[in-house]
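Reviewing the structure listed below.
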2 protein chains.
Amino acid sequence: MSSPRHKTTPTRAPRGTLSPEAIVHAAIELIDRDGLDAVTIRRLADQLGVRPMSLYTHFRDKDAILLAVTAELLSRFQWPDPDLDDIAWLRQVMHAYFELFITHPAILQINTPSDGVGEVEARMSEQIYARLARLRVDHRTAIGLLATLIRFVLGCATLYPVRRAWDEDPQHWERVRQQWARLPAEVYPAMHATTVDFPTFTQRDVFEFGLDAILASLPRSP
Amino acid sequence: MSSPRHKTTPTRAPRGTLSPEAIVHAAIELIDRDGLDAVTIRRLADQLGVRPMSLYTHFRDKDAILLAVTAELLSRFQWPDPDLDDIAWLRQVMHAYFELFITHPAILQINTPSDGVGEVEARMSEQIYARLARLRVDHRTAIGLLATLIRFVLGCATLYPVRRAWDEDPQHWERVRQQWARLPAEVYPAMHATTVDFPTFTQRDVFEFGLDAILASLPRSP
DNA sequence: ACCTGAACACCGTTCAAGT
DNA sequence: ACCTGAACACCGTTCAAGT
């Protein structure tokens, strides 16, 4: 009578339920399903079967969680086959970098302090500079080229989520062509002219085109 | 006795105090001073000497305000002198685009639905395609080139706020050089090698380098 | 038409407690 | 050491009211 055992006890979670890894894992799941804004201390706790405050035993604050998330995602970077010839290997690195960003667009939205993206960059540097040196590229060009490539990939990744719908709609470019063709040729001569043999680009096509353009200065591999 | 006139009346704001323009203006001020996160309906209202709910008379919700902010900022895009030769003009457009983004980095964080950045792109297109046509660039190359340039500029702008501190610290690159030089030459031969004539890049130098690289395929202007 | 108070359903986080 | 309840200072926004 004094202690009604079979209350609707909200069952305290057992001691081992939580860990930094489990939290990061749950956060990534939430991000990939519903986007970065869906990551909330309270919703994270729900997903883990725990009360909100429990998370603070494992991370100082929410920022620390998101930082661990980016670290985990960046660690999934896929190094290409080292046997590829130098230019193919270089392109492959950029491809892997691009793929990483478009499968987890949230990385771009998480504010990493001071160097952030630089993590992957740093690990890339040695190998990339070695390849470029082998291609007889001078130091200044090597550094400039890598910086340019990184920025291009970053831009592609930033635009990808917005442009993605265009790739998936087979009629998109035909509609654009018709729209441009309807423009008065006197005012928009250049755009009008392109509609005769209208070229279409997927996001990946653009990526390929840009890579070609930036790497064009390099000596062709045999 | 019945109506104590001189209460500490919280003085209702007069009817003309608010307007979409005033709200957008105040929001931009807040953004430029304290960043995008500082933009809050309540703080915006404070800044305008008005109560929070008043803003909803002029905008449907907060997103609508931020959309108006990006529209306003993008409208400040500075078209370069049309008398410049084609390649110089093209570079100048990209410079203006870059400057716009680095003076108001918040534009990059505001989620513009579907086309967003495309606003400026669209207005650029006709003029840029006209110039490229005059340079005898085929349609496909023109579209690919513009897409590449935009992504590169976007990447530069994204990285700029993070890398800005490097530009402003005169000792930064010397410290990096020493750090690289201290690496064991057997494990990091390439990075070690660069330290003998260590090249330094400001963010603007990188921008210039990348522009050169991407536009290298174009025929040199006379 | 424009400005507003009260209230609601959310946040991240502090602090003091439980086990 | 780890999990938690209550509470605080914030959010955006709805709804019904004032002028």
Side-chain angles (χ1 to χ4, degrees), chain A residues 2-5 7-27 30-31 33-70 106 109-111 113, chain B residues 2-5 7-27 30-31 33-70 106 109-111 113:
Chain A
S2 50
S3 62
R5 277 294 192 93
K7 257 198 299 186
T8 51
T9 34
T11 55
R12 188 189 178 93
R15 216 178 168 79
T17 21
L18 236 43
S19 71
E21 295 75 30
I23 294 172
V24 167
H25 189 258
L30 263 175
I31 287 176
R33 199 198 322 135
D34 303 321
L36 187 61
D37 290 345
V39 179
T40 281
I41 297 289
R42 282 169 168 88
R43 256 182 276 189
L44 219 39
D46 269 358
Q47 172 120 345
L48 290 158
V50 115
R51 312 264 102 158
M53 284 316 302
S54 310
L55 304 193
Y56 287 86
T57 311
H58 303 268
F59 288 98
R60 205 171 40 74
D61 55 16
K62 193 187 170 184
D63 277 348
I65 297 179
L66 294 184
L67 228 62
V69 165
T70 59
Q109 299 175 59
I110 298 176
N111 267 342
Chain B
S2 50
S3 63
R5 280 292 194 95
K7 259 201 297 186
T8 52
T9 34
T11 54
R12 188 188 179 93
R15 218 180 168 76
T17 20
L18 235 44
S19 73
E21 295 75 28
I23 294 172
V24 167
H25 188 260
L30 262 176
I31 288 176
R33 198 195 325 134
D34 302 321
L36 187 60
D37 289 345
V39 179
T40 282
I41 298 288
R42 284 170 167 87
R43 256 182 277 189
L44 219 40
D46 268 358
Q47 174 121 344
L48 290 158
V50 115
R51 313 263 101 158
M53 284 318 300
S54 309
L55 304 193
Y56 287 87
T57 311
H58 303 268
F59 288 99
R60 204 171 41 74
D61 56 15
K62 193 187 170 184
D63 278 347
I65 297 179
L66 294 184
L67 229 62
V69 165
T70 58
Q109 299 175 59
I110 298 176
N111 267 342

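These values consider heavy atoms only, across backbone and side chains, with no hydrogens, waters or symmetry-generated copies. What you see is a predicted model, and the numbers here were worked out from it, not measured in a lab. Letters go in sequence order (proteins before strands), and every chain restarts at 1.
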Taking Watson-Crick (N1-N3 plus N6-O4 or O6-N4) and G-U wobble (N1-O2, O6-N3), each under 3.5 Å, can you produce the dot-bracket string of DNA chain D? Use [ ] for crossing pairs and | for inter-strand ones. ||.|||||...|||||.||

Please round to the nearest 0.5 Å and tell me the distance separating atom CG of A:N111 and atom OG1 of A:T70. 10.5 Å

Can you check the A:F59 CZ to D:dC2 P distance for me, whole Å? 13 Å

Nearest-Å distance for atom pair CG/P, residues A:L48 and D:dC2: 15 Å

On the nucleotide D:dT4, are OP1 or OP2 found under 4.0 Å from the side-chain N or O atoms that A:S54 carries? yes

side-chain N/O A:T17 vs D:dC2 OP1/OP2, d < 4.0 Å: no

To the nearest 0.5 Å, what is the distance between CZ (A:R60) and CD1 (A:I65)? 11.0 Å

Which atoms of nucleotides 17-19 of chain C (N or O only) lie under 3.5 Å from a protein N or O atom, and what are those distances?
unit_1, atom_1, unit_2, atom_2, d
C:dG18, N2, A:R12, NH2, 2.4

Heavy atoms of A:A68 and A:F59 approach each other most closely as CB-CE2, 3.8 Å

Residues in side-chain contact (heavy atoms from CB on, under 4.5 Å) contact with A:D61, at least two apart in sequence or another chain: A:D63, A:A64

In whole Å, I'd like the distance from the NE2 atom of A:H58 to the C1' atom of D:dC2. 6 Å

Just to verify, which of B:L18, B:V69, B:T57 counts as forming a side-chain contact (heavy atoms from CB on, under 4.5 Å) with B:I23? B:L18

Starting from C1' on C:dT4, measure out to CG on B:D46 and report it in whole angstrom. 14 Å

Tell me whether A:H58 at atom NE2 has more than 12 heavy atoms from other residues, nucleotides or ligands lying less than 6.0 Å away. yes

Please output the side-chain donor-acceptor pairs of residues 33-49 of chain B that fall under 3.5 Å, not counting sequence neighbours, one pair per line with the distance.
unit_1, atom_1, unit_2, atom_2, d
B:Q47, NE2, B:E29, OE2, 3.2

From CG of A:L44 over to C1' of D:dC3, roughly how many Å is that when rounded to an integer? 15 Å

side-chain contact (heavy atoms from CB on, under 4.5 Å) partners for B:T17, two or more places apart: B:A13, B:P14, B:V50

Sub-3.5 Å pairs of nitrogen or oxygen atoms, protein against nucleotides 12-14 of chain D:
unit_1, atom_1, unit_2, atom_2, d
D:dG12, OP1, B:I41, N, 3.4
D:dG12, OP1, B:K62, NZ, 3.1
D:dG12, OP2, B:I41, N, 3.1
D:dG12, N7, B:R42, NH1, 2.6
D:dG12, O6, B:R42, NH2, 3.1
D:dT13, OP2, B:Y56, OH, 3.0
D:dT13, OP2, B:K62, N, 3.0

